[in-house]
Participant: 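Here it is: the structure, laid out below.
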Protein chains: 4
Amino acid sequence: MSPTPGAKGRAPHRRSEQARIAVLHAADDLLAERGFAAVTIEGIAARAGVAKQTIYRWWPSKVEVLLDTLIEDSEQALAVPDTGSAVEDARQYLHALASFITGDPAGKVLLALIGEAQHDEQMAGAFRTRYLEPRREAERAMLARGVAAGELSPDLDVDRALDELLGPIFYRALITGGPISRTFTDLVVFQVLG
Amino acid sequence: MSPTPGAKGRAPHRRSEQARIAVLHAADDLLAERGFAAVTIEGIAARAGVAKQTIYRWWPSKVEVLLDTLIEDSEQALAVPDTGSAVEDARQYLHALASFITGDPAGKVLLALIGEAQHDEQMAGAFRTRYLEPRREAERAMLARGVAAGELSPDLDVDRALDELLGPIFYRALITGGPISRTFTDLVVFQVLG
Amino acid sequence: MSPTPGAKGRAPHRRSEQARIAVLHAADDLLAERGFAAVTIEGIAARAGVAKQTIYRWWPSKVEVLLDTLIEDSEQALAVPDTGSAVEDARQYLHALASFITGDPAGKVLLALIGEAQHDEQMAGAFRTRYLEPRREAERAMLARGVAAGELSPDLDVDRALDELLGPIFYRALITGGPISRTFTDLVVFQVLG
Amino acid sequence: MSPTPGAKGRAPHRRSEQARIAVLHAADDLLAERGFAAVTIEGIAARAGVAKQTIYRWWPSKVEVLLDTLIEDSEQALAVPDTGSAVEDARQYLHALASFITGDPAGKVLLALIGEAQHDEQMAGAFRTRYLEPRREAERAMLARGVAAGELSPDLDVDRALDELLGPIFYRALITGGPISRTFTDLVVFQVLG
DNA sequence: GAATAACCGAGACGGTACGTCCAGTCTTGAA
DNA sequence: TTCAAGACTGGACGTACCGTCTCGGTTATTC
């Protein structure tokens, strides 16, 4: 995250914040409007009013551009809740996740990046390091709070539980394409966390 | 090439089976050896000793070539078992699935196709129609046998149970990249089917 | 239309003659209209209605394209004359040469290629082999006829004489930019051949 | 014009002489070592340890940098001689010229600039104004001394004679690539000046 | 002796063209 | 008809330089 001070800051930074934002928006918009195939470096550059070289200077590939947009977007749209009850947190979180990946344009970015990760091991590494692991940590903390509060069994295998919670949602989103209703997510939570 | 006049042989100069096999093998091998990025029509044609036109004549896209290889391969390597016990069937099936997508070259094809499906809605449709749905039907039958035998609850939501069984395995394979042990798959089965 | 063997090109065309001509014309026109800096592969391709790859397939560089146009053009516009008198031949040839390089668009191609040859040793080799040497041979023959006929001294050093004839014309064209009048070329011939 | 380092007293603008020298040397060296294609503003700047802006501040283009190096170098290596005999002066001068353009690294600069002048009319103007015309004046004076001394015919067309002297040397250097022996230059002088 | 301003290095920026790879279409000649 | 071969248009790739533009740092008079 860039240090964004108040109005202008003294920023001796050479990098143009304006160009950075324009690139992220352009990539995002292209994916939402015309699909992943339309997300090309040339297309992003043209839409952002930016030179290709500027993109290559700051991002190793177009998927890293999308990864940046995803990280910025999902911090807002997909915060891990903390209501006091771990089960309720899980219910809310899974519902928000389902909405995100089925309805939010930024959710399409997430799915596209998971798709791309299947083709590119290096990209998969960046995805896990920069997106998945920080999020996973917050998810673990969510369940750990429940264990600490006595709401969940002390024997709970947190990592397995998380895979059992998230797996079915992503299975529908990535593979079957089926709908993911609130009922479905609630029943998954009930199944896993009792 | 001997056109095997043994059976009936009404049309001797039809599609070349030799070319078909060569294309499927070439695509498979390229994916296994050099990754999805190396799977190009030109690359397949060159390795198979086949003209590009021959590929375009019989397959609408390179992913359909891979889909053909997947279907042929997974019918052998990933049959739905029928031991008499639905729970045991599920345990065996999930274990075989985990081995397939983590160890078998053909499993890499499956993951690559799921990846590609995120970028291409049309391809996703073909994947579901030709690969997923027939398999899903067999999976449903597997659980239905358990319900009919009284081994599983008559209230079991078969489709949800399947997503809960398969989701965690694919979540690890597609997203976290974590290992999928026999213990893990067994515990998932226990969690979902009791 | 039925492909009557006589009407159209009966050759088993691999290479497209239409594309070849379009490329040569486009390069020529770009040089004449907008100068050497405008002769780019992309510019030629765009103007010729041809893909860049088609140019790269048949020519190693843009200067070889120009070299092809030069060879075709100068065979027509700059034939070595044969009037029966070597001195008269030389007068006519030098005058034609002066007109070619100062007035004819194809002459601009010649000067541009000589310019480029200063920067690129490989190109210089191609220029000499494909353009200069065949022409030099005809020029030598022109003077040799005069020697054989007794019109020119048997002691004449033909190669030196050619350099003394052609040098001053090219010196003006390439370096001083001065005018090259008929009087000038005639006096050069008189000086060298007496 | 460059400020002469000897003139002090007034406050000339604070141009860095060190940077100026470094740029000229870098351009010269790049041309000699890696050819004209390697003479880029970025390459010069990097090798000279100078900012691109510094080059743009003082030279309108990279060829003007080379022109500066040529002028400095050729004033030393290519002075018009004055022995008392115009014919002898011409013999020495043509020989020195031949050595310069075939052997001296600075001679490569001269040929490269003549080459570039074919592509860029503006550069051709600068080349003639700053390099060629001062030199031409000295060459004219060389022959004029011979005419005044009665060594050469009072009818001699000095400009034509110069083109006939220099043309053959440059023809070989620029076009045929042939060797330029002392015998050759001497015979050219004899042919033109008798 | 501080302020000022041209000069310097560094390098980001919007661009153009490079030469390559591959997509998908079309044509040829043999079997 | 199919097939191997491969030329064709077209689009994107990632790279190299172009010429312009700040950004701080450095001198070296000038106030």
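Chain naming here is simple, since letters A, B, ... match the order of the sequence lines and numbering starts at 1 in each. The structure displayed is predicted, hence computed values, not measured ones.
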Participant: OP1 or OP2 of E/dC8 versus the side-chain N and O atoms of D/W58: is any pair under 4.0 Å?
Facilitator: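 It does, given that an N or O in the side chain of D/W58 lies less than 4.0 Å from OP1 or OP2 of E/dC8.
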Participant: Atom CG of B/D120 to atom C1' of E/dA23: distance rounded to whole Å?
Facilitator: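 To the nearest whole Å, that distance equals 14 Å.
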Participant: Taking the nucleotide of DNA chain E with the nearest heavy atom to each, does B/E42 or D/V50 sit closer to the 5' end?
Facilitator: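 Taking each residue's closest nucleotide, the earlier one in sequence belongs to D/V50.
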Participant: For a salt bridge (Lys or Arg N to Asp or Glu O under 4.0 Å) check, start with the C-alpha distance between B/E72 and B/R20, then their side-chain angles and the critical distance, and finish with the verdict.
Facilitator: CA-CA 13 Å; B/E72 298 206 354; B/R20 191 186 134 265; 2.4 Å; yes
Participant: For D/S61 and B/A19, find the nucleotide of DNA chain F closest to each by heavy atoms; which residue's nucleotide sits nearer the 5' end?
Facilitator: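 By nearest-heavy-atom nucleotide position, the 5'-most residue is B/A19.
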Participant: Can you tell whether the side chains of D/E42 and D/R47 come within less than 4.0 Å, N to carboxylate O?
Facilitator: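 Judged by the 4.0 Å cut-off on N to carboxylate O distance, D/E42 and D/R47 do not form a salt bridge.
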Participant: Ignoring hydrogens and angles, write down the donor-acceptor pairs under 3.5 Å from the side chains of residues 117-125 of chain B, residues two or more places apart or on other chains.
Facilitator:
unit_1, atom_1, unit_2, atom_2, d
B/Q118, NE2, A/L174, O, 2.8
B/Q118, NE2, B/I114, O, 3.0
B/H119, NE2, A/A112, O, 3.2
B/H119, NE2, A/E116, OE1, 3.3
B/D120, OD1, B/Q122, N, 3.1
B/D120, OD1, B/M123, N, 3.2

Participant: Does a side-chain N or O of A/T54 approach OP1 or OP2 of E/dG14 to a distance below 4.0 Å, or not?
Facilitator: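 It does, given that an N or O in the side chain of A/T54 lies less than 4.0 Å from OP1 or OP2 of E/dG14.
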Participant: Rounded to whole angstrom units, what separation is found between the CD1 atom of A/I44 and the C1' atom of F/dA12?
Facilitator: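 Answer to the nearest Å: 12 Å.
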Participant: For the side chain of A/K52 and the base of E/dG14, is some donor closer than 3.5 Å to an acceptor across the two?
Facilitator: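 There is none.
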Participant: For the pair made of NZ in D/K62 and P in F/dC17, what is the distance, rounded to whole Å?
Facilitator: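 The distance from NZ of D/K62 to P of F/dC17 comes to 9 Å, rounded to the nearest Å.
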Participant: Salt-bridged, C/R130 to C/D68, with N to O below 4.0 Å?
Facilitator: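 Yes.
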Participant: Does D/R15 make a side-chain donor-acceptor contact with the base of E/dC7, cut-off 3.5 Å?
Facilitator: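 There is none.
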Participant: Please compare C/I41 and A/Q53 by the position of their nearest nucleotide in DNA chain E and report the one closer to 5'.
Facilitator: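 Per heavy-atom nearest nucleotide, the more 5' residue is A/Q53.
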Participant: Tell me the interatomic distance from B/W59, atom CH2, to E/dG24, atom P, rounded to whole angstroms.
Facilitator: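 Taking atom P of E/dG24 as the reference, CH2 of B/W59 is at 15 Å.
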Participant: Assign A/G49 to base, sugar-phosphate, or nothing according to its heavy-atom contacts below 4.0 angstrom with the strands shown.
Facilitator: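 Sugar-phosphate only.
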Participant: On DNA chain F, nearest-nucleotide positions of A/Y56 versus C/R57: which is more 5'?
Facilitator: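 The residue mapped nearer the 5' terminus is C/R57.
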Participant: How many Å lie between CD1 on A/I55 and P on F/dT15, as a whole number?
Facilitator: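 It works out to 13 Å between those atoms.
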